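Not measured: the values here are computed from a predicted model.
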Amino acid sequence: MSKDTSINKKNIEFSKADKNYPINAEIPNNIMVELTNSCNLKCNFCYNMKMKRKKGFMTFDLFKKIVNQSIELGVENMGLYTVGESFLHPQIFDFIKYAKQKGIKYIYITTNGQVLNKNKIEKIFDSGLNSIKFSIDAGNKEKYETLKIGANWNKLIEVIKEIRTIRDNSNSDLKIFASFTVMTDNFDELKEYNNTFANLIDETNFSLVENQGSQVDTNSFYSKDIASVIENIILPIEKWHPCGMLWNRFIVTYEGYLTICCVDFENQLLYGDISKESLAESWNNEKIKNYRKIHKLKEFKKLPMCYNCDSIKRDEKIDINKLFSL
């Protein structure tokens, strides 16, 4: 997952300098809530279309419980998405309004934008949403619609332009972000992307395609040129590092389970259940402490999803922009 750079930074970014990785962690200041695991697109670099977990939508009662507990713990930042398209949820604007009314300071969302229309765009501004990030991943219509099956390039442009126009004309403080997942099929389109979106998007996060916890085979997404750079990005096994998500955020599935991973499509890394124990009780329970011990000791083979996950193998200090000159 890519960063939203406007989020309140308190306790969110796990310090890479802290080599202690405390087993009993402080309550984080960020929570991600999966409103649904359903998606309207089929992207060939995403596991969603292969997911076996039952598709569903979070209930309003469960969401209220999560928000209320978050407020009690002092959580200030809430992401309303993980592995699905949240704007498919029929109550999403009620959810956003409730969270804002209760005191969540910063609410952010990532979307493909394809289900938005004029009515929903107006509701975005009425709801109190603080930032919206579009997953774009291409620089032109042909490539976009090839990579993101079911998407319409013209619709994407229309939606982003409408949001930008309303934002600017109403003096709204809504932030408009984008993400671009770099791979063989699109890295030569970065100039095209910039030409189209530079005046529409506040900031774009560029990241190298990841295997989503070994759930996606990414080998076919790399050319020889990109592969040569990847060799320098992938760390030797002795330098693999714990995943910050075990320390810097709650992640709640639409069913009410707590997981340590934002791409846990099949609920393989669960440690809690909101119906049985609170966020506070779950955060340092025996299950997540065991997960933290495994990561702290770098015994990743005990967790196959983690052992093969790109995020623990990469040197995050390497600038992805070096790919742009290839």
Ring geometry between W247 and Y21 (parallel below 30°, tilted from 30 to 60°, perpendicular above 60°):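 If you compare the ring of Y21 with that of W247, the planes turn out tilted.
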
[X] and [Y]: which non-hydrogen atoms are nearest, and at how many Å?
| X | Y | result |
| --- | --- | --- |
| V67 | A99 | CG1-CA, 4.0 Å |
| N285 | Y271 | ND2-O, 2.7 Å |
| F300 | H241 | CZ-O, 3.8 Å |

Sequence neighbours excluded, every pair satisfying salt bridge (Lys or Arg N to Asp or Glu O under 4.0 Å) that has a member inside residues 106-116: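 Those involving residues 106-116 do not exist here.
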
Salt bridge (Lys or Arg N to Asp or Glu O under 4.0 Å): pairs with one or both residues in residues 144-158, sequence neighbours excluded: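 Counting only pairs at least two positions apart or across chains, the salt bridge (Lys or Arg N to Asp or Glu O under 4.0 Å) contacts touching residues 144-158 are D137-K148, K141-E145.
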
Check: [X] ring centroid to [Y] ring centroid under 6.0 Å:
| X | Y | answer |
| --- | --- | --- |
| F197 | W153 | yes |
| H89 | F95 | yes |
| Y193 | F180 | yes |

[Y] and [X] side chains, donor-acceptor separation under 3.5 Å:
| X | Y | answer |
| --- | --- | --- |
| N154 | Y144 | no |
| D273 | S275 | yes |
| T111 | E85 | yes |

Between atom [atom1] of [X] and atom [atom2] of [Y], what is the distance when rounded to the nearest 0.5 Å?
| X | Y | atom1 | atom2 | value |
| --- | --- | --- | --- | --- |
| F57 | S86 | CZ | OG | 10.0 Å |
| F93 | K120 | CZ | NZ | 6.5 Å |
| S38 | M51 | OG | CE | 7.0 Å |
| M78 | I66 | CE | CD1 | 7.5 Å |

Under the 3.5 angstrom rule, does the side chain of [X] hit a backbone N or O of [Y] as a donor-acceptor pair?
| X | Y | answer |
| --- | --- | --- |
| N30 | R249 | no |
| E34 | Y254 | yes |
| S282 | L279 | no |
| E189 | N186 | no |
| Q114 | N152 | yes |
| N37 | F265 | no |

For K143, all residues meeting side-chain hydrogen bond (donor to acceptor under 3.5 Å, both in side chains), sequence neighbours excluded: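 Once residues adjacent in sequence are excluded, K143 has no partner under the side-chain hydrogen bond (donor to acceptor under 3.5 Å, both in side chains) criterion.
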
Set of residues satisfying salt bridge (Lys or Arg N to Asp or Glu O under 4.0 Å) with respect to E299, sequence neighbours excluded: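 If we apply the salt bridge (Lys or Arg N to Asp or Glu O under 4.0 Å) test to E299, skipping adjacent residues, the hits are K302.
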
Working for salt bridge (Lys or Arg N to Asp or Glu O under 4.0 Å), residues D94 and K97: CA-CA 5 Å; D94 295 328; K97 286 182 179 180; 5.6 Å; no

Residues that K50 engages under side-chain contact (heavy atoms from CB on, under 4.5 Å), provided they are two or more places apart: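 Scan of K50 (side-chain contact (heavy atoms from CB on, under 4.5 Å), adjacent residues dropped) gives Y47.
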
side-chain contact (heavy atoms from CB on, under 4.5 Å) partners of D168, counting only residues at least two apart: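 Listed in chain order: R164.
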
